[in-house]
Amino acid sequence: MEAGLDRGSGGCGGFAVPRVQLQRVTKIHRGSRGEEVLALREATVALDDGRCTVVVGPSGSGKTTLLRLIAGLEDPTSGTLEMEGRSMAGVPSKDRGVAMVFQDHPLFHHLDVAGNLALGLKLRRVPPAEQAVRLGEVADWLGLGRLVDRMPATLSGGERQRVALGMALVQRPRLLLLDEPLAHLDARWRVQLRREFRSLQRRLGLTWVQVTHDQSEALAMADRLVVLDAGVVQQAGSPTEVYERPANRFVAEFLGAPGMNVLEGRLAGMAENRPRFQCTDGGGAVGEFRWTSLGAARSTNAPILMGFRPEWVRLEPEAAGDLPQAEAVTAHGEVAVVEPLGHETWVHVQVGTNRWVVARGAGLGRWRPGDRVTVVIPADAVHWFDATTGARLDG
Ligand code: ADP
Ligand code: MG
């Protein structure tokens, strides 16, 4: 660790290793008409020391509420929050050693960048010499040297967010909380700040908690990913674990660009000695997938969900009398829409009257709408989910 983030003495108490644990935290807000709004339900989340945790979920899933609870800006309705084994009940925000960065972080328009960076330290009466040291190190970490004299109005969005992170870091927090810090930046700045933020987090060993609705940002930045939906933690783990073994349909469809193909249907027994999955559409069978062998799938007539990621889908010209290929699942369909994205192409294949499968890859540019194709999926790339609960079935 460099530059004393673990041994400073300003404003946030000791610098012992942080360990944050939320146990079954529920938060109910009061709506404008006095109604109860459940923002978090029984959330159990651990934040790893010196790591980057990214909480990802759609708008309204409880991300900001989670950060505000950790920061001490709100109190849980029930459940416990501990830092380093100590209950945070009744501990005011200013004594938790946390700093927050917001989307469109507010800067003071009448102060230049150096003035903005120093403001928090002045309020805490940090001695001027110490202020200068901290400003110097933060300007250095974030490459703010040539910006220090600039007024906020003259900064680009990306530069402003870099300054916002600087305003948090000068406080030498034990815990950094970032609420959608890249959400309003254009694509280039987003990629650049993703890289800058992440390399700084690593280099300084910061305990970093970022929330975002952007699944690609989450996968790119996280050591540990927490997926939130409707106030409920759906899954936590490394990005690879969560991407490759989604715990349920929501996670499967939410992560990935595009998300996992999930088809409703049922395992309908054998046809020509092949097990088959009948994709259903309002009750009727509209598409059929056949296996070489059943593998993890179970033989049942009950409704079930079949999932597979678009990058595993191969398309072949449809041939008469197509048979399942070795260790593969196949279906017939028609190319509906082709989206050439440059680095890869997305091909939407209609496999039933109202069902589509998306294939993505670099070699799919030759397909045209109307082409009849055989969709081929390696059998071990198939995931099964419960038709009612959406929970993962195959272990
Ligand atoms: P996110 O940051 O993921 O968009 P939030 O934590 O802001 O989600 O909100 C979660 C839910 O709680 C939403 O339904 C939101 O409308 C509600 N909510 C958040 N803050 C308040 C509040 N202060 N009063 C009432 N409802 C709130
Ligand atoms: Mg939010």
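Start at 1 and go down the list; that is how both ligands and their atoms are numbered.
Within the 4.0 angstrom cut-off, atom 16 (O) of ligand 1 has no protein heavy-atom neighbours.
Nearest heavy-atom pair, P58 versus F250, reported as atom, atom and distance to 0.1 Å: CD-CZ, 3.7 Å. Among all heavy-atom pairs drawn from V56 and L225, the shortest one is CG1-CD1, 4.1 Å.
The side chain of V37, and not its backbone, has at least one atom closer than 4.0 Å to an atom of ligand 1 (non-hydrogen atoms only; side chain from C-beta on). Residue-level proximity to ligand 1 for R30 is carried by the backbone, the only part with a heavy atom below 4.0 angstrom.
Side-chain heavy atoms closer than 4.5 Å link hydrophobic residues (I, L, V, M, F, W, Y) into clusters, and following such links, even through other members, never connects V232 to I70.
Classification of E180 and K63 as a salt-bridged pair holds, one side-chain N sitting under 4.0 Å from a carboxylate O. The residues R172 and E130 are annotated as salt-bridged, a charged nitrogen and a carboxylate oxygen being separated by less than 4.0 angstrom. The residues R314 and E316 are annotated as salt-bridged, a charged nitrogen and a carboxylate oxygen being separated by less than 4.0 angstrom.
Given atom 7 (O) of ligand 1, the protein heavy atom at minimum distance is T64 CB, 3.7 Å. Among protein heavy atoms, atom 23 (N) of ligand 1 sits closest to H29 ND1, 3.9 Å.
Within the 4.0 Å heavy-atom shell around ligand 1 one does not find E180. Ligand 1 lies within reach of P58, whose nearest heavy atom is under 4.0 Å from it.
At under 3.5 Å, a nitrogen or oxygen of G62, whether backbone or side chain, sits near a nitrogen or oxygen of ligand 1.
Defined by atom type and a distance below 3.5 Å, a donor-acceptor pair is missing between the side-chain atoms of D229 and S61.
Looking at S59, G31, G60, A230, it is G60 that brings a heavy atom closest to atom 13 (C) of ligand 1.
Close approach of ligand 1 to T65 (heavy-atom distance below 4.0 Å) involves ligand atoms 5 (P), 6 (O), 9 (O). Heavy-atom contacts of S61 reach the following atoms of ligand 1: 1 (P), 3 (O), 8 (O) (cutoff under 4.0 Å).
Backbone or side-chain N, O or S atoms of T64 reach the Mg ion (ligand 2) at under 2.8 Å.
A cation-pi contact, defined as under 6.0 Å to the ring centre and within 45° of the axis, is absent between R162 and F197.
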